[in-house]
Amino acid sequence: METSSLHPGKLFGLASSYWQPCALHAGVKLGIFSSVARNKSTTGEIAADLGTSPRGTEALLNALTAMDLLIKKDGRFTNAPLAAAFLVKEKPGYVGHIIMHHHHLVDGWAQLDVAVKTGEPVETRDHGEEKERESFQLGMLNLALAIAPAISKEINLQGRKHLLDLGGGPGTHAIHFCLENPQLRATIFDRETTRPFALETARRFGVEKRIDFSAGDFNRDPVPGRYDVAWLSQIIHSNAPETCRKLIRKTAAALKPGGLLLIHDFFLNDDYAGPLFPALFSLNMLINNDGRSYSAAEVSEMMEESGLTDIKRLCFQGGNDSYIISGVLK
């Protein structure tokens with residue numbers, strides 16, 4: 001392509017594309033959408049409700065309107081359908097927790113050049129351990145609730161009686177597998193701090209008698225029990241390659257003969273240069289820990305090394321190029 005036919009406009013757009021997420025983060029953090037849902041409709045009413053400046057509130061409200069998250073008419077604001085469904089804290093579909101988790105990642109992304117130079121995670125601002133844990137755990141619940149019902153319907157667990165949800169956090173997938181399969185019970189294996197959240201979530205869905213919780217660090221502690229199906233969702237990308245190998249080997253060892261291992265994650269193409277989200281997610285892991293996105297070929301090889309056969313990709317396709325690889329223990 002001739003240089004004369006090029007225009008830097010795309011680069012300008014890319015360079016400023018973080019403005020919209022930051023406006024969304026601010027709207028969620030301040031509670032803009034919940035305030036509007038409480039029938040506060042003018043700049044003055046919303047500013048008074050939230051304790052914010054009229055000038056700043058007006059600018060943010062107008063930006064969120066331009067982003068199609070609010071509707072403005074005659075100087076009054078209402079929530080657009082998307083915001084009304086998912087950004088009002090009192091609504092069951094609220095996804096503000098995962099948005100706040102992304103907000104907590106911004107400091108790290110601003111230092112991406114440092115992480116690339118050193119190959120190590122970077123130091124970020126402390127938002128408060130409890131606040132960060134809450135946004136992460138509830139954020140994972142937000143994400144899982146969006147896909148767990150569909151996954152549990154697509155995967156055939158007929159005849160399987162005990163599922164291991166490794167690193168399951170709130171246990172959303174374990175819960176929906178149990179809801180879909182009346183014969184199934186499940187064990188969530190995760191850190192002790194997650195136990196109250198997981199057990200409360202199981203109670204909320206009415207399967208508390210079929211879900212139990214085993215506390216431990218899956219990278220250090222042995223996995224107790226024997227299972228005929230194991231579920232690893234969004235676990236692999238948080239670990240370095242050798243740690244992944246050990247984790248898959250450890251999980252396979254906890255399966256009974258003929259047991260099914262299911263790995264759900266964002267997978268790269270074999271050349272690692274796409275799709276876009278898994279490629280960018282590798283940078284997110286670079287900033288925060290020693291993990292990265294993996295290709296399906298890499299993970300399949302790890303599964304084969306751990307004694308699994310009939311390794312294949314299942315038909316489920318989630319958002320951000322996530323899918324599931326399954327294998328059966330010999």
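As the structure is a prediction and not an experimental result, all values here were calculated from the model.
Using a 4.5 Å cut-off on side-chain heavy atoms (C-beta onward), Trp109 and Asn284 make contact. Looking at heavy atoms from C-beta onward, Leu30 lies in side-chain contact with Leu60 at the 4.5 angstrom threshold. Leu314 has its side chain within reach of Ile155: a pair of non-hydrogen atoms, C-beta onward, lies under 4.5 Å apart.
Judged as a side-chain contact (heavy atoms from CB on, under 4.5 Å), and not counting sequence neighbours, the contacts of Leu50 are Ile32, Ser35, Arg38, Ile46, Thr52. Remark: Arg204 pairs with no residue by the side-chain hydrogen bond (donor to acceptor under 3.5 Å, both in side chains) rule, at least two apart or across chains. Shown here are the side-chain hydrogen bond (donor to acceptor under 3.5 Å, both in side chains) partners of Thr43, two or more places apart in sequence or in another chain: Glu58. By the side-chain contact (heavy atoms from CB on, under 4.5 Å) test, Thr42 is found to be paired with Glu45, Arg76, residues two or more places apart in sequence or in another chain being considered. Residues meeting the side-chain hydrogen bond (donor to acceptor under 3.5 Å, both in side chains) test with Ser233, sequence neighbours left out: His264. Taking the side-chain contact (heavy atoms from CB on, under 4.5 Å) definition, one finds that Ala37 meets it with Asn79, Val88, sequence neighbours left out. The side-chain contact (heavy atoms from CB on, under 4.5 Å) test applied to Thr187 returns His162, Asp212, Ser214, Tyr227, not counting sequence neighbours.
For Glu208 against Gly206, the heavy-atom pair with the smallest separation is OE1-C, 3.3 Å. Closest of all the heavy-atom pairs between Ser293 and Phe281 is OG-CB, 3.8 Å.
Each ring-ring contact (aromatic ring centres under 6.0 Å, His included) pair with one or both residues in residues 128-152, not counting sequence neighbours, appears once here: His101-Phe136.
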Sequence neighbours left out, cut at 3.5 Å: what donor-acceptor pairs do the side chains of residues 266-277 make with other protein atoms?
unit_1, atom_1, unit_2, atom_2, d
Asn269, ND2, Gly274, O, 3.3
Asp271, OD1, Ala273, N, 3.0
Tyr272, OH, Glu298, OE1, 3.4
Tyr272, OH, Glu298, OE2, 3.4

For residues 164-173, please give each side-chain donor-acceptor pair under 3.5 Å, one per line with the distance, not counting sequence neighbours.
unit_1, atom_1, unit_2, atom_2, d
Asp165, OD2, Ala174, N, 3.4

Donor-acceptor contacts under 3.5 Å from residues 14-22 side chains, at least two apart:
unit_1, atom_1, unit_2, atom_2, d
Ser16, OG, Phe12, O, 3.1
Ser17, OG, Leu14, O, 2.8

Could you list the donor-acceptor pairs under 3.5 angstrom formed by side chains in residues 242-262, with sequence neighbours left out?
unit_1, atom_1, unit_2, atom_2, d
Lys250, NZ, Phe218, O, 2.7
Lys250, NZ, Asp221, O, 2.9
Thr251, OG1, Leu247, O, 2.8

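Remark: Lys29 NZ to His104 NE2 distance equals 6.5 Å, nearest 0.5 Å.
In this structure, Phe86 places its CZ atom where only 12 or fewer heavy-atom neighbours from other residues, nucleotides or ligands lie under 6.0 Å away.
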